[in-house]
Amino acid sequence: METTEIVNIFSTFGFPTAMVIVMGFALWKMYRSNEEKNRKTLEESIKIRDQYISYIQMSNVEITGTAKENATALKENAAALKENAVALNRFVMILERLEKQLKIDS
């Protein structure tokens, strides 16, 4: 609204009515401005949210892969520990036989 239009409103209507019209127009302009800012903020927020979701999904894939690798490694370690236990049991049996043959008292 240009200055001449505002002056015409005041000259056409009385002061109170003109003030209501001008204030209404000002409020409408403020509303439109805020609406545009809110729309832009919402769009930016959605973009950022989508970026976070993508990051979290990638992290989840990486963590899942790492967990699978760890599970495989744990199985291998458990198998190796079992083999070590068997080998130690054999060694104990051999030492006991040797002890008997040498007639060593504990």
Side-chain angles (χ1 to χ4, degrees):
M1 185 177 280
E2 294 181 22
T3 307
T4 55
E5 292 174 335
I6 294 173
V7 171
N8 286 338
I9 289 173
F10 277 96
S11 62
T12 305
F13 301 102
F15 181 76
T17 307
M19 282 302 293
V20 168
I21 293 171
V22 171
M23 292 294 286
F25 179 74
L27 288 173
W28 180 76
K29 288 293 274 183
M30 288 172 33
Y31 169 77
R32 295 294 290 172
S33 173
N34 284 335
E35 184 181 35
E36 182 64 28
K37 288 177 186 176
N38 289 340
R39 186 179 304 115
K40 288 180 183 178
T41 302
L42 178 64
E43 290 171 359
E44 291 173 4
S45 297
I46 289 171
K47 286 179 186 177
I48 291 171
R49 182 202 64 191
D50 291 343
Q51 289 173 352
Y52 281 133
I53 289 172
S54 296
Y55 173 76
I56 290 170
Q57 287 173 337
M58 284 186 348
S59 296
N60 189 31
V61 168
E62 291 175 8
I63 289 171
T64 302
T66 303
K68 287 179 182 178
E69 291 173 6
N70 285 344
T72 303
L74 285 172
K75 287 179 184 177
E76 292 173 0
N77 285 343
L81 285 173
K82 187 175 182 180
E83 289 177 19
N84 284 343
V86 169
L88 284 173
N89 284 335
R90 285 188 204 147
F91 185 66
V92 166
M93 290 172 51
I94 292 171
L95 285 178
E96 286 175 353
R97 287 181 195 158
L98 185 61
E99 187 178 85
K100 285 180 185 175
Q101 287 179 355
L102 296 175
K103 296 181 182 175
I104 301 173
D105 292 326
S106 354

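A quick note: this is a predicted structure, and the numbers were derived from the prediction, not measured. Along the sequence shown, residues carry numbers from 1.
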Spacing of [atom1] belonging to [X] relative to [atom2] belonging to [Y], to within rounding of 0.5 Å:
X	Y	atom1	atom2	result
Y31	N34	OH	CG	9.5 Å
F25	W28	CZ	CH2	6.0 Å
Q101	E99	CD	CD	11.5 Å
E76	L74	CD	CG	9.5 Å
K100	E96	NZ	CD	6.5 Å

Which donor-acceptor pairs under 3.5 Å do side chains of residues 56-68 form with protein atoms, sequence neighbours excluded?
{"from": "S59", "atom 1": "OG", "to": "Y55", "atom 2": "O", "distance (Å)": "3.0"}
{"from": "T64", "atom 1": "OG1", "to": "N60", "atom 2": "O", "distance (Å)": "2.7"}
{"from": "T66", "atom 1": "OG1", "to": "E62", "atom 2": "O", "distance (Å)": "2.9"}

**Pairs involving residues 35-53, ordered by first then second residue, that meet side chain to side chain donor-acceptor pair (under 3.5 Å) (sequence neighbours left out)** =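 Qualifying pairs: R32-E35, E36-R39.
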
